[in-house]
Amino acid sequence: MVEGAKVKNEKLLEIYRTMVRIRTFEKATRELIKKGVIPTRMGFYTGQEAVAAGVCAVLKETDQIGSTHRPLGHLIAKGCDLKKLMSEICGKETGFNKGKAGPYHIFDPSVGALGANGIVGGSVPMVLGYALAHQLRGDGGVAVAFFGEGASNQGGVLESMNLASVWNLPLIFVCENSSPDVQTMLGHKINYPQISVDKISSRALGFGMPGDTYEGWDVMKVYRAAFEAVERARSGSGPTLLEFKVHQLTGNIEGSLEFFEDESMWDPIRRFRRELMFKGALNEEEDRWIRTSEELKVKEAVEYAIGSPEPNVEEALRGVFVEE
Amino acid sequence: MDERPITFAEAINEALKQSMMKDPEVILLGENVTSSWRPTTKGLLEEFGRERVRDTPISETAFIGAGIGASILSMRPVVELMLVDFGLVAMDQILNQLAKTHYMSGGAVKTPLTIRASYGGGTSSGATHSESLYSLFAHMPGIKVVVPSNPFDAKGLLLSCIRNDDPEIFMEHRLLYDLKGHVPAEDYVLPLGEAKVVQEGDDVTVFTIGRMVHEAIQAAQELKDKVSVEVIDARTVVPLDEKALISSIEKTGRLVVVDEDYERCGFCAEVTAIAANKAFEYLKAPILRVASPNVPIPYNPTLEKRYLPNRDKIVSAIKSVARYA
């Protein structure tokens, strides 16, 4: 098995930092929603950080991802600029998409974040095209399709698995199963199950590709699984389906400016920090430095977004076509 | 230019071939596109190889999505829908993703995909194999809708679609594939959004598109000693050449809109609304629509004939509006 055992401390800390960045950014985003600065409600990724951080740590800037309507983790892990990201969520002119996308439709081609999607499973068929372009150009690039357990039942997702497999595309399907024990939808315990199998990854067999299920709260398990799948894709051996079990943590953000943390064993950040400290890769002081510096970056992003101008109102009617 | 008579299908084939020769990033995806009995894609596999000319599974959502994704990475994919009706299973990819992505991304991303789709009634194929549906795509902002009526336009408009930075749906009427016309052998593009006056006249404007252009010309011929009819081929539903429409009404004062798609909320309704809003002062008669009734398309040939717009229905509409002085 892969380089897993000898992942350098530097890489581990980079992954940890990404996870902290995602959580800190989301915390700030929740606060801005409460204050009415952000004009929408949105899906959050809190508790799933290990998946985005672990998978994207294996990717290059020239690889692409397709995301979901819990996109912040994926976008941040893929390297999106925090200022432009927060500006977009605030609907500002300086956002990635001039304030027209909002959180559910963000596209940042400069880092291959293509893109968040408001339709459950909607981005997955497009990821086929990213992978196809890499295959045709022979540039060794890969593409990752992030989706949730709900999307795993969408026809487009299942069709995409078949097409990726028959065309042997350099693509990794990453299913984040956020109700691995009790089947829920938007926190509601549904009265019929929605998944017909114990493991969503077992559906890979039906499409002729490898697939397995991992604990998505353990970032090193995510990283190793992603490393192997990405290597397989890059070497021309085709797609893989990775299922990561995750728990969405809501936590308490009332009035506290301290780093938000969930006490449960499912919190991937808390878990990874303990692991890093046990290994001697991180001490208390370094940890404080990482958290503080990420808080500072997020604070700057918030200030930038708040200080940015609203888009010109006429922009509402522009840009339907390239050649209008 | 070296022009020869070739068929509508051969004109499309030539446009595909010339665009693939010029640009290695042009690829073709679709069901059975490598089949030798399909004249529009004949010979492309042999010339460009299986990497670029791909038969897809019967998975419209997946292969249209693949086309969109490849276009976002700046390739020039052409995706073929065997029949436009089959596009209905992939509406999320077409209407939510393909149409909206450029706008939603604030221009950060382009989707220069061309969807080719054959369409149309008259072959006794029933309600899910005979539709036109271009109005459905025209309704969603973000897709250009191109409906050529003859080989010359088909080639020039398709080359334009493939090279254009916007997404298009390019509609090919099944009964036009064998139609012959003079087509330059050279590579040429026609602008999207320019209608063509195919027959000049002074009394009544017939504004139409696609195969109905031919029915309209026949209707005009039939009436040539009684009514001077101007026939305009819109060529594209989106963008729509409003200027051509309005200036013709300014001359004739009477308008009949002819369209093979369903009447309700469609091409006819749109053209009628534009005429009512922007050419009201020139109108001498009510605007009439000749379109497919708001009913699914029947299979039985006699019923289908009763159902589809045709020369006779156009003739009677022209006569009705011509009565107004």
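Residue numbers begin at 1 in each chain, while the letters A, B, ... track the order of the sequences. Since this is a predicted model, take the numbers as computed values, not measurements.
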B:Ile27 portion near chain A, given a 4.5 angstrom heavy-atom threshold: side chain
Heavy-atom check, side chain of B:Met104 versus side chain of A:Asn97, under 4.5 Å: no
Value rounded to 0.5 Å, distance of NZ in A:Lys98 from OH in B:Tyr103: 10.0 Å
Neighbourhood of chain A inside residues 67-77 of chain B, taking heavy atoms under 4.5 Å as contact: B:Ile68, B:Gly69, B:Ala70, B:Ile72, B:Leu73, B:Ser74, B:Met75
B:Glu25 portion near chain A, given a 4.5 angstrom heavy-atom threshold: side chain
Exercise: identify the closest heavy-atom pair between B:Ala62 and A:Leu128: O-CD1, 3.3 Å
Pairwise distance CG(A:Asn162) to CD1(B:Ile58) - rounded to 0.5 angstrom: 11.0 Å
Gap between atom CG of B:Asp92 and atom CD1 of A:Ile119 - 0.5 Å precision: 5.0 Å
Flag side-chain contact, heavy atom, 4.5 Å: A:Trp167 against B:Leu29: yes
Region of A:Phe96 that comes under 4.5 Å of a non-hydrogen atom in chain B: backbone
Toward chain A, the part of B:Val238 with a non-hydrogen atom under 4.5 Å: side chain
Heavy-atom pair count under 4.5 Å with chain B, highest-scoring of A:Asn117, A:Leu114, A:Val127: A:Asn117
Rounded distance [0.5 Å steps], OG in B:Ser105 versus CD1 in A:Ile106: 11.5 Å
Point-to-point distance, once rounded to the nearest 0.5 Å, from CZ of A:Phe107 to NE2 of B:His102: 11.5 Å
Max heavy-atom pair count under 4.5 Å with chain B, selected residue of A:Ser160, A:Pro109, A:Gly156: A:Pro109
Structural part of B:Glu51 lying under 4.5 Å from a heavy atom of chain A: both
B:Lys100 vs A:His105 side-chain heavy atoms within contact, under 4.5 Å: no
Over 12 foreign heavy atoms within 6.0 Å of NZ, A:Lys84: no
Test item: A:Leu132 and B:Arg54 side chains (from C-beta on) under 4.5 Å apart, heavy atoms: yes
Short side-chain to backbone donor-acceptor contact, B:Gln93 and A:Ser123, under 3.5 Å: no
Non-hydrogen side-chain atoms of B:Ile64 and A:Pro125 separated by less than 4.5 Å: no
Neighbour count above 12 (heavy atom, 6.0 Å) for B:Lys196 NZ: yes
Selection from A:Met161, A:Glu88, A:Gln64, A:Glu323 maximising heavy-atom pairs under 4.5 Å formed with chain B: A:Glu323
For B:Pro57 against A:Val166, the heavy-atom pair lying closest together: CG-CG2, 4.2 Å
A:Ile306 atom CD1: more than 12 heavy-atom contacts under 6.0 Å: yes
Most chain A-contacting option - heavy-atom pairs closer than 4.5 Å, from B:Ile143, B:Thr111, B:Leu98: B:Ile143
Largest heavy-atom contact set with chain A, pairs under 4.5 Å, which of B:Pro239, B:Pro24, B:Ser59: B:Ser59
Inter-chain contacts: residues 135-151 of chain A against chain B, heavy atoms under 4.5 Å: A:Gln135, A:Leu136, A:Arg137
